[in-house]
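Here the structure is a predicted model, which means the values were calculated and not measured. The sequence lines fix the lettering, A, B, ..., with proteins before strands; numbering per chain opens at 1.
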Amino acid sequence: MENLSPISVLVRNERGVLSRVSGLFARRGFNIYSLAVGETDDPTVSRISVVVAGDPPVIEQVVKQLRRLVSVIKVSDLTGQARVERGLLVIKVKAPHDKRGELMQLVQIFRARVDHVDNQSLILEVTGNREKLEAFIDILRPHGILEMARTGQIAIARSQGPMADYWNEAAAGFDEDQDGTYNISRAAERLAQEIQEQD
Amino acid sequence: MSPYSQRSNAARDELGLMLDRQIGLTRASGQSASPRRDAMNAPAKPQDPQAAYTGADAVVACLKHQGVEVIFGMTGGVISPVYDALFRDGSIKHVIVGHEQGAAHMAEGYARATGKVGVVMTTSGPGATNLVTGLADAFMDSTPMVAITGQVTSNLLGNDAFQEADMRGITMPITKHNYQITSVDELPGVFAEAFFVALSGRPGPVLIDLPKDVSTAPCDHLLAAPSAPTGYKPPYRGQPLQIERALKVMAKAKQPVILAGGGVVTAGASEELRELVRLTGIPVTTSLMGLGTYPAGDELYLGMPGMHGTGYANLALHHADLIVCVGNRLDDRVTGQLDRFAPDAQFIHIDVDASEIGKNLPCLVPIVGDAKPVLIEMIKGVKQWEEKPDFSAWRERIDGWKKCYPMTYQPKPPAISPQAVVELLGRTLPEEAIVVTGVGQHQMYTAQFYPFREPRTLISSGGLGTMGFGLPAAVGAKVGSPDKEVVLIDGDGSFLMTIQELATAVRYKVGVVVLILNNHFLGMVRQWQEMFMDKRQAETDLQPPPYAKVAQAFGGLGREVTTSEELEEAIAWARAEAADKRVPVVLDVAVEREALVLPMVPPGGANADFIPCPGQKREE
């Protein structure tokens, strides 16, 4: 499987902003695995969560190109960062009476919910990270998946740690503090150390 | 006048300081950037004394506040309220064009010659879509531009209304940013932001789509303070530690080359580039967009690299162990086959746009910042070098290549060599004259043989390669710099594409000299056909009209030149007539039909494999 990088993009909540971002991906040939968008606590700001398939240089370009957009407020590459990541899966699966018990066990194991029952099928919903949703789909597949719908994955970093992406810090040299001012970042200090070590 | 409206060096420093303040690097000195809404900014009210100001009045007030002196464009149904407001106000000059594409290229020429934002205005639908080529061209060449397009009234949007086109959608990939205004209250803020975005950071075109109901709606506040949009924080100063690192790498290099580009022109950093080269003794080459930032003829100057670059620039880059890119995006026309470009070199890359760094090639030292402050810091650092690195052996090697592969051509009398025409112009024109080109062979002859010595003296379509760019860009450049001589070197194919702008030049008394290197061919494609398609001339053989007569018919002057002997006198005549009568003067010069642009790196080839000038043999 290709490397998948969750990237979180804060954007100005204005008409056409999703098209601006998704257009950039299409135009530059970046491979989107999933995309989700929604408002944040600030109604003027939306968060676009996008999972991109690609090697580190591709991801670096994705981040830099996104950062170029005037509508974009902040880009965080969450690859390799402790994060909470969730997607929602709604899945309709064949459920003859003799299989119901087994299916209900799976529902419990995956902490899913039953949304609908009839004589032929169950509709189940489950949330979780990518791996969990994939696993749930795989385990249901032998039972016969009738229909399914998935949202894009959304993610937030667990801690306030330094932005994972090297470029934001090393190249621009600035890290946004909570009060919105900019200071020489930790990455810059790290670089200084690196230079000393080299000499 | 807004601090953003000019990009002269002084204004740029101020811009840098403002950006610093925004990113918290320096303390605000207390002076406010907010505009004064004084009497000067208030437009004349509409004739109905009862009516309040309208959105259109606000547009005019915003443009005046930004220091806009001239607008290039063409009126039409839904933009007419703004034209009415311009007419009532009367203080901004407007240039009506033959075709909106011409307006866009004029704005580019104006912007490139002056460093100010070029402004275009058109109506909706076809008027707006005709701008697309110009916007794409400005986007590729990082030219600051604000385009205002009319739009159908908001309630008709999306209904396929008469002359409706989704300009936001269409121009999203070819503008730095674009807006569609939904309410008159947004208008002042959007204009302030648009000009800031167009000019700051890496400049580019910004489009404002203005529905007619917005321009006719009553409006009570005409101006807004310019502010950087949330999240948009263009870098200015480079990261000091990276600069320090770059200096260390430079000091250790054995065979370094500086590769400068259009970013140096934009940054107004030509002096700093020269100083850095002088202090370090590192040879320098400039891309097409960077021509003029370093004076031709200097012993450390290698000319232009790449597909039609000098053999010695290409060999120097190929053998370099360090390339210092300044405001250059390593375009494929510069690098040739990427994986064989400068195989042994490490890169220091200075660019205001972080996404250019590492885009094509991995980079050892990235410096995100405007070329001027970064080079100033580097110069300071170089001055503190305890031991100055000695590049004399490297320079000797380069001098050897210069002797092996000088820039020459083979004249074939009695035909006029196109290169000779360019050389003659180079000897004739003053240093500060602005040379504009179309796109094709003539453009490359100009880049190769015209001795550019000052920044902003070459205006050419570098990134998009837009045929037809030349005439309107020359008109725009002359409108922006009326005191400078503007000479367009064009090809017969390129000139024909926007020839209607001769009417514009005549109407506004724009005295540009147009020199057509006429070979009755789409020459550059013919060259490729000759070299790579077995000489099959598929649709490149032209029958251009008699351009001298066409110029006369438009109300300009024209003359045909068929022999080398009359060339010098004809150029002198054209320059004198253009200055005196203030009309476009066209010299239709019949040049050698089958001349080739050499040296040339074959498409898809590596730079080091260039085909040299006639009579030279490749030794490596």
Side-chain angles (χ1 to χ4, degrees), chain A residues 9-17 19-24 26-28 42 44-45 56-57 60-75 165-174 176-177 179-185 187-196 198-199, chain B residues 20 22-25 157 166 168-169 172-180 182 186 193-194 196-198 200-202 204 206 209 228-235 237-246 248-249 252 349 351 353-363 365-369:
Chain A
V9 191
L10 290 177
V11 295
R12 295 200 281 188
N13 187 3
E14 56 197 14
R15 283 184 312 138
V17 67
S19 144
R20 220 179 270 286
V21 169
S22 58
L24 181 133
R27 191 159 73 243
R28 302 213 175 244
D42 177 349
T44 66
V45 177
E60 183 187 307
Q61 261 303 307
V62 170
V63 170
K64 285 199 231 166
Q65 293 292 346
L66 284 170
R67 201 163 280 152
R68 257 177 95 173
L69 297 178
V70 173
S71 304
V72 166
I73 299 165
K74 186 168 179 170
V75 186
D165 125 52
Y166 169 86
W167 274 94
N168 181 58
E169 304 176 335
F174 301 111
E176 197 167 7
D177 281 352
D179 61 0
T181 60
Y182 277 70
N183 290 309
I184 303 290
S185 70
E189 289 164 24
R190 212 164 57 215
L191 267 173
Q193 219 171 0
E194 219 179 282
I195 292 167
Q196 279 173 358
Q198 272 178 11
D199 295 326
Chain B
D20 282 355
Q22 276 156 13
I23 60 177
L25 275 181
L157 277 171
D166 172 18
R168 242 163 73 98
M172 221 170 248
I174 52 166
T175 50
K176 184 168 173 188
H177 194 56
N178 60 15
Y179 305 86
Q180 187 175 62
T182 52
E186 293 171 12
E193 188 177 294
F196 177 76
V197 168
S200 56
R202 178 178 182 172
V206 175
D209 202 35
T230 337
Y232 175 75
K233 297 182 181 72
R237 311 239 181 275
Q239 149 64 252
L241 288 161
Q242 293 289 57
I243 294 176
E244 197 179 305
R245 210 171 152 209
K248 284 186 180 162
V249 175
K252 282 182 195 161
H349 200 152
D351 206 301
D353 180 356
S355 70
E356 289 299 349
I357 301 178
K359 185 177 85 175
N360 295 333
L361 289 163
C363 166
V365 188
I367 304 175
V368 182

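Judged purely by atom type and a 3.5 angstrom limit, A/Lys64 uses its side chain to pair as donor or acceptor with the backbone of B/Ala354.
By the 4.5 Å heavy-atom criterion applied to side chains, B/Asp351 and B/Val368 are not counted as neighbours. Side-chain contact between B/Lys176 and B/Val197 is present, with at least one heavy-atom pair separated by less than 4.5 Å. Between B/Tyr179 and B/Asp209 the shortest side-chain heavy-atom distance does not fall below 4.5 Å.
Both the backbone and the side chain of A/Ser71 come within contact range of chain B, judged by heavy atoms closer than 4.5 Å. A/Arg12 touches chain B through its side chain: at least one heavy atom from C-beta onward sits under 4.5 Å away, while N, CA, C and O do not. In this structure, chain B has heavy atoms under 4.5 Å from both the backbone and the side chain of A/Val70.
Counting heavy-atom pairs under 4.5 Å between each of A/Arg68, A/Glu14, A/Gln65 and chain B puts A/Arg68 at the top. Options B/Asn178, B/Val206, B/Thr182 differ in how many heavy-atom pairs under 4.5 Å they form with chain A, and the most are formed by B/Asn178.
When all heavy atoms of B/Ile357 and A/Glu60 are compared, the closest pair comes out as O-OE2, 4.2 Å.
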